[in-house]
Q: 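Structure provided below as structure tokens; questions to follow.
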Amino acid sequence: MTGQLHHLNYTGAGRMTPFIVNCSVIFWLISSCFTWSSALYTHNRAAPAAPKKLQYLLEPLVYAEVTGRRGDNVTLPCILRTKPNHYKIKWTKLEPEHIGHENIIMISNAKDFKPYGHLGQRASLRKAHTMDASLQISHLELKDGGTYRCVVFPYQSKNGRYKFTFHEAKEACAEQDAALATYNQLYRAWTEGLDWCNAGWIHDGTVHYPIIHPRPVCGGQLLPGIRTYGPKDRNRDQFDAFCFTSQTPGSVFYISGSFSFDQAVHACKRQGSDMALVGQLYAAWRFQNYDQCDGGWLKDGSVRFPISNPRRRCGGIPEAGVRSFGFPNKTTHLYGAYCYR
């Protein structure tokens, strides 16, 4: 048996910072996610049967600190490392006043979900993708915990794969209303379904790529997880970038048409807006559930569209996300425009 241990921080009021909390009480609790598989036995007449080792189904072991306020909805990440035909997921809460006592929140398998107690009535599994066993708790109370919101998106140069030094990757993210992601931000995006086969820089100068569905072209049969190349030469080595953005004050909207890139720029200006940046489109998709099944130009010259409700005629991919057509010739008259104001 293995699990993911989550350290949650609740602030009752005031600003959410790790060091200063105004007019608030801080509550700490530990919650654990476990998955397990049955030990398998092989009948052998010559010797007693010996059980095989239990499979470890979670990858990787992490300590996640989540911060939020009363009334928030929270998510504790938990990813299946492998998915057997028959399995169960148990979420429990470790009550601080009863050391070692586990209070069951819910037990679930591929079909059924059974909540327990007061907390279980506000709990559900996120199921962002087929390997996702993350716990969602709605309407955060003083005794529960908290959460934060983030989006991580991969970004590739218009000149192709692996074209950024570390410093160029930082600039590329900044140009798209974002910053290079931290490892924790990349990890959280992986728990929410980010599966990307190209390695990219993150904030500390290391290089990684997140894989949910192992395949031959992405490291072979290595287990799902955050694959790492470790630290690289920031001035010489070249990779893609993983950028982080958050909710924006403005809004993204789509203008239908068959525009060239320049025509798309003017279409947005006629609406009193600018072309949307990649980070702004990702933020609209993530935080506002923006769903538009039409390719549109963005300010960097790429063509993308956001899908919150996956369907066959909108990219054909079962998971939600922002689809990309890459960087077409700017004189192409095929796409609409995504604008921001």
Q: What is the distance from atom CD of Glu192 to atom OG1 of Thr75, rounded to the nearest 0.5 Å?
A: 7.0 Å
Q: Tell me whether the rings of Trp297 and Phe261 are parallel (<30°), tilted (30 to 60°) or perpendicular (>60°).
A: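 Trp297 vs Phe261 ring planes: perpendicular.
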Q: Given side chains that start at C-beta, do those of Met106 and Phe113 come closer than 4.5 Å, heavy atoms only?
A: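 Of all side-chain heavy-atom pairs linking Phe113 with Met106, at least one is under 4.5 Å.
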Q: For residues Trp201 and Phe166, establish whether the separation of their ring centroids is below 6.0 Å.
A: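 Yes: the rings meet the under 6.0 Å criterion.
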Q: Would you indicate whether the side-chain heavy atoms of Ile212 and His129 approach each other to under 4.5 Å?
A: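 Answer yes - side chains close enough.
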Q: Evaluate the criterion side-chain hydrogen bond (donor to acceptor under 3.5 Å, both in side chains) for residue pair Gln263 and His333; output intermediate values, then yes/no.
A: CA-CA 9 Å; Gln263 290 172 336; His333 292 257; 3.0 Å; yes
Q: Is there a chain of hydrophobic side chains (I, L, V, M, F, W, Y, each step under 4.5 Å between heavy atoms) that links Ile255 to Leu277?
A: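 Different hydrophobic clusters.
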Q: Which heavy atom of Phe253 sits nearest a heavy atom of Ser273, and at what distance?
A: CZ-OG, 3.4 Å
Q: Keeping Arg323 on the side-chain end and Arg304 on the backbone end, is there a donor-acceptor pair under 3.5 Å?
A: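 Looks like no, no N/O pair under 3.5 Å.
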Q: Taking the side chain as C-beta and beyond, is there a heavy-atom pair between Tyr290 and Pro306 under 4.5 Å?
A: yes
Q: Kindly determine whether Lys330 and Asp262 satisfy side chain to side chain contact (heavy atoms under 4.5 Å, CB included), including the steps that lead there.
A: CA-CA 8 Å; Lys330 289 187 175 182; Asp262 289 340; 5.9 Å; no
Q: For the residue pair Ala199 and Tyr229, what are the closest heavy atoms and their distance?
A: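 Between these two residues, the closest heavy atoms are CB-CE1, 3.5 Å.
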Q: Taking the side chain as every heavy atom from C-beta outward, state whether Cys173 and Leu180 have any atom pair closer than 4.5 Å.
A: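 The answer is yes; the side chains approach within 4.5 Å.
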Q: Please give me the minimum heavy-atom distance between Leu223 and Pro214, naming the atom from each residue.
A: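 Nearest pair, atom of Leu223 first, then Pro214: C-CG, 4.3 Å.
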Q: As a quick check of understanding, evaluate side chain to side chain contact (heavy atoms under 4.5 Å, CB included) for Gln238 and Phe164, giving each step before the final call.
A: CA-CA 5 Å; Gln238 293 182 311; Phe164 297 132; 5.9 Å; no
Q: What is the minimum heavy-atom distance between Cys197 and Ile211, and which atoms define it?
A: CA-CD1, 4.2 Å
Q: Scan side-chain atoms only and decide if His208 and Thr228 contain a donor-acceptor pair under the 3.5 Å cut-off.
A: yes
Q: Side chains of Thr206 and Asp204: donor-acceptor distance under 3.5 Å anywhere?
A: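 Thr206 vs Asp204: donor-acceptor pair found between side chains.
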Q: Atom CD of Gln292 and atom CG of Leu281: how far apart are they, to the nearest 0.5 Å?
A: 10.0 Å
Q: Check whether any side-chain heavy atom of Trp285 lies under 4.5 Å from a side-chain heavy atom of Ser308, and answer yes or no.
A: yes
Q: Which value, rounded to the nearest 0.5 Å, describes the distance between Asp177 atom CG and Lys299 atom NZ?
A: 10.5 Å
Q: With the side chain counted from C-beta on, respond yes when Arg236 and Thr165 share a heavy-atom pair under 4.5 Å apart, and no when they do not.
A: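 The answer is no; the side chains never approach within 4.5 Å.
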Q: Ignoring hydrogens and angles, tell me if any N or O in the side chain of Arg227 forms a donor-acceptor pair with the backbone of Leu222 under 3.5 Å.
A: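 Flag set: sc Arg227 to bb Leu222 pair under 3.5 Å.
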Q: Got a donor-acceptor contact below 3.5 angstrom from the Asp237 side chain to the Asp233 backbone?
A: yes
Q: Rounded to the nearest 0.5 Å, what separates atom CG in Leu186 from atom SG in Cys243?
A: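 Reported to 0.5 Å precision, the distance equals 11.0 Å.
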Q: Any pair with a residue in residues 331-341 that passes salt bridge (Lys or Arg N to Asp or Glu O under 4.0 Å), sequence neighbours left out, goes on the list, sorted by first then second residue, please.
A: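 Not a single pair qualifies under salt bridge (Lys or Arg N to Asp or Glu O under 4.0 Å).
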Q: Kindly indicate, with the supporting measurements, whether the criterion side chain to side chain contact (heavy atoms under 4.5 Å, CB included) is fulfilled by Tyr282 and Val322.
A: CA-CA 7 Å; Tyr282 268 90; Val322 176; 3.6 Å; yes
Q: Closer than 3.5 angstrom, by distance alone: can the side chain of Gln271 be matched with the main-chain N or O of Cys268 as a donor-acceptor pair?
A: no
Q: According to the interplanar angle, ranging from 0 to 90°, do the rings of Tyr187 and Trp190 count as parallel (below 30°), tilted (30 to 60°) or perpendicular (above 60°)?
A: tilted
Q: Any side-chain heavy atom of Tyr162 sitting closer than 4.5 Å to one from Asp240?
A: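 Yes; the side chains approach each other to less than 4.5 Å.
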Q: Examine the side chains of His118 and Glu141 and answer whether a donor and an acceptor come within less than 3.5 Å of each other.
A: yes
Q: For the residue pair Tyr338 and Tyr254, does the interplanar ring angle fall in the parallel (under 30°), tilted (30 to 60°) or perpendicular (over 60°) class?
A: tilted
Q: When you check the gap from the basic side-chain N to the acidic O, do Lys127 and Asp132 get nearer than 4.0 Å?
A: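 No, this pair does not count.
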Q: In Å and rounded to the nearest 0.5 Å, what is the SG to CG distance from Cys314 to Asp291?
A: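 One gets 6.5 Å once the value is rounded to the nearest 0.5 Å.
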Q: Which heavy atom of Arg234 sits nearest to which heavy atom of His167, and what is that distance?
A: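 Closest approach of Arg234 to His167, heavy atoms only: O-CD2, 3.6 Å.
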Q: Would you say Arg311 and Arg313 make side-chain contact, with heavy atoms under 4.5 Å?
A: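 Not in contact.
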Q: Minimum heavy-atom separation for Tyr155 to Val278, with atom names?
A: CE1-CG2, 3.8 Å
Q: Take Ile226 and Tyr183 through the test side chain to side chain contact (heavy atoms under 4.5 Å, CB included) and record every step on the way to the result.
A: CA-CA 9 Å; Ile226 306 294; Tyr183 182 84; 3.6 Å; yes
Q: Will you find, in the side chains of Asp300 and Ser302, an N or O donor that is under 3.5 Å from an N or O acceptor?
A: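 Indeed, the side chains of Asp300 and Ser302 share at least one donor-acceptor pair under 3.5 Å.
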Q: Of Phe259, Phe305, Phe325, which meets ring pair (Phe, Tyr, Trp, His ring centres under 6.0 Å) against Tyr335?
A: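 It is Phe325; the other options fail the test.
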Q: What is the distance from atom CG of Leu125 to atom SG of Cys78, rounded to the nearest 0.5 Å?
A: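 Leu125 atom CG to Cys78 atom SG measures 8.5 Å (nearest 0.5 Å).
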Q: Would one find more than 12 heavy atoms of other residues, nucleotides or ligands at under 6.0 Å from atom NE2 of His139?
A: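 Incorrect, the count does not exceed 12.
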